Amino acid sequence: MPELPEVEHTRKNLDRWMRGARIVEVRTRDDRIVRPMKPASFVKGVTGRVIERIERRGKWLRLLLDDGMSVFTHLGMTGWFERGASTDHPLRFDRVTFELSRKGVTSRVTYVDPRRWGRMVLTKEDLPVWSSLGPDPLDDGIDEAALADKLARRKKRSIKEALMDQKVLAGVGNIQAIEALWKAKIDPRSPAGALTTSDIRAVTRGLRWTIDRTLADLAKGDGGAKNPFKIYGRKGEACPRCGEKLERLTLGGRTTTFCSACQRRLRS
DNA sequence: CGGCATGTTGCGCA
DNA sequence: TTGCGCAACATGCC
């Protein structure tokens, strides 16, 4: 599920579901999600704690506990959180289950993750990867001069790979990069160093556009039946802007949809 | 059955 | 030292 908009949506949910609640019981038998900690140690460490606040940076979430510890969480490719009642049947692919109590009201929040690429790390210190993240487009905004600097230092990388580098901007993933570059009319293969100031402005606007749009879709909460994106996953379909056939290639090991007719290929 | 998947990390090599 | 390409992780779904 998760790129920046989905994780932000998750943060809002967790804030409503968990903030101010006490963790009265935790269950996990999965030794991958909480690695390198043992499941039993994780359970012991969080049981009885009150969740004071939920933060997000890029695709990472952080639950701050009342004893100064934090649970850093990453959803990997297929993780999500779901709320239910303490009496519900366990969910398929449940990995970590929190039984909560707040003002005498009990509830359950379950971390679900079929592929188990997600993480849940209980620690007092900031996770190094959390500290190394670049600015968050939603929380910090996108500073075009700072972005230009970062792109200049990765001048030979494709612009798409550079945007997905979490040290450049935190939270931009495959879909958001594809959609933003389409909006900016820039070919994803263009070297990062070839973008002019106005190209960088166009990319910045493209990112804001796709992030806001995806967030709005999530807020509507309409089951997510079909692909809500303009070009992601639409190889072979007509470009919604110029009508030419959308193409696909691989960049940095990731599938990339684009329109060679209306996305300009920049050269350095 | 084959192919593909919204992410991150670590390794080997130039 | 730095950067790049790629496999690995584990499993579902079309």
Side-chain angles (χ1 to χ4, degrees), chain A residues 1-11 28-36 56-61 72-81 91-96 111-121 127-134 136-138 150-182 188-189 191-193 207 210-215 217-218 223-237 246-258 268:
Chain A
M1 255 248 141
E3 287 186 32
L4 190 151
E6 292 83 359
V7 180
E8 170 62 9
H9 188 67
T10 301
R11 185 197 64 76
T28 180
R29 289 183 293 109
D30 199 290
D31 56 5
R32 283 194 54 82
I33 306 293
V34 300
R35 71 188 185 280
R56 181 190 59 77
R57 259 177 94 168
K59 301 170 198 171
W60 280 91
L61 291 163
F72 289 90
T73 302
H74 195 291
L75 278 36
M77 191 97 97
T78 54
W80 73 92
F81 284 91
L91 297 166
R92 193 180 181 205
F93 307 125
D94 66 324
R95 305 302 181 193
V96 184
Y111 177 67
V112 185
D113 189 348
R115 228 159 147 181
R116 297 197 287 158
W117 286 357
R119 299 289 306 276
M120 214 171 279
V121 184
L127 229 49
V129 63
W130 167 275
S131 309
S132 73
L133 293 170
D136 183 277
L138 273 186
K150 293 232 172 90
L151 296 182
R153 273 182 270 130
R154 294 163 174 79
K155 56 175 185 274
K156 290 189 171 175
R157 275 272 168 185
S158 72
I159 181 60
K160 181 186 175 235
E161 289 172 275
L163 291 177
M164 289 175 64
D165 182 336
Q166 301 300 295
K167 295 184 172 73
V168 172
L169 289 170
V172 179
N174 200 35
I175 296 179
Q176 300 300 320
I178 287 169
E179 297 282 298
L181 288 168
W182 175 79
R189 295 167 292 186
L207 283 167
T210 181
I211 290 168
D212 289 347
R213 199 169 162 276
T214 309
L215 273 174
D217 282 350
L218 289 166
K226 63 174 188 351
N227 178 356
F229 300 106
K230 292 289 187 184
I231 69 163
Y232 168 79
R234 299 192 184 283
K235 178 196 62 165
E237 296 182 31
L246 294 169
E247 299 167 46
R248 195 186 81 172
L249 52 77
T250 300
L251 281 176
R254 308 299 300 280
T255 179
T256 306
T257 314
F258 71 111
S268 47

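Worth saying up front: this structure is predicted, and the values here are computed from it rather than measured. Here is how names work: the chains are called A, B, and so on, in the same order as the sequence lines, proteins then strands, and each is numbered from 1.
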Starting from P on B/dA5, measure out to CE on A/M164 and report it in whole angstrom.
-> 12 Å
Looking for any heavy atom pair under 4.0 Å, which part of the strands does A/R154 touch: base, sugar-phosphate only, or nothing?
-> nothing
Give a yes/no answer on whether the side chain of A/R35 brings an N or O atom under 4.0 Å of OP1 or OP2 in C/dC9.
-> no
Tell me, what's DNA chain C's dot-bracket, Watson-Crick or G-U with both distances under 3.5 Å, | for other-strand, [ ] crossing?
-> .||||||||.||||
On a plain distance test, is the side chain of A/R32 in donor-acceptor contact with the base of C/dA10 below 3.5 Å?
-> no
Can you check side-chain contact (heavy atoms from CB on, under 4.5 Å) on A/K235 and A/L246, steps first, answer last?
-> CA-CA 5 Å; A/K235 178 196 62 165; A/L246 294 169; 5.5 Å; no
Spacing of A/D30 atom CG relative to C/dT11 atom C1', expressed in whole Å = 13 Å
Does B/dA5 have OP1 or OP2 sitting under 4.0 Å from an N or O in the side chain of A/T255?
-> yes
Side chains of A/S268 and A/K155: is there a donor and an acceptor less than 3.5 Å apart?
-> no
Quick one: is C/dG12 close enough that its OP1 or OP2 comes under 4.0 Å of any side-chain N or O from A/R115?
-> no
For A/W117 and B/dA5, what is the distance between atoms CH2 and P respectively, to the nearest whole Å?
-> 11 Å
Rounded P spacing from C/dC6 to B/dC4 in Å = 15 Å
Please say which of A/T78, A/L91, A/V96 ends up in a side-chain contact (heavy atoms from CB on, under 4.5 Å) with A/V112.
-> A/L91
After noting the C-alpha distance and the side-chain angles of A/R154 and A/E161, does the key distance pass the side-chain contact (heavy atoms from CB on, under 4.5 Å) rule?
-> CA-CA 10 Å; A/R154 294 163 174 79; A/E161 289 172 275; over 6 Å; no
Give a yes/no on whether any side-chain N or O of A/K59 is located under 4.0 angstrom from OP1 or OP2 of B/dT8.
-> yes
So, is the end of the A/R115 side chain (NZ or CZ) under 6.0 Å from the ring centre of A/W117 and within 45° of the ring's axis?
-> yes
Quote, to the nearest angstrom, the P distance that separates C/dA10 from B/dG3.
-> 22 Å
So, is A/R116 near the phosphate of C/dT11, with a side-chain N or O under 4.0 Å from OP1 or OP2?
-> yes
Derivation and outcome, side-chain contact (heavy atoms from CB on, under 4.5 Å), residues A/L249 and A/F258 | CA-CA 8 Å; A/L249 52 77; A/F258 71 111; 3.4 Å; yes
Respond yes when some side-chain nitrogen or oxygen of A/H74 is under 4.0 Å from OP1 or OP2 of B/dT8, and no when none is.
-> yes
Start with the C-alpha distance between A/H74 and A/V121, add both sets of side-chain angles, then the distance that settles side-chain contact (heavy atoms from CB on, under 4.5 Å), and finish with yes or no.
-> CA-CA 9 Å; A/H74 195 291; A/V121 184; over 6 Å; no
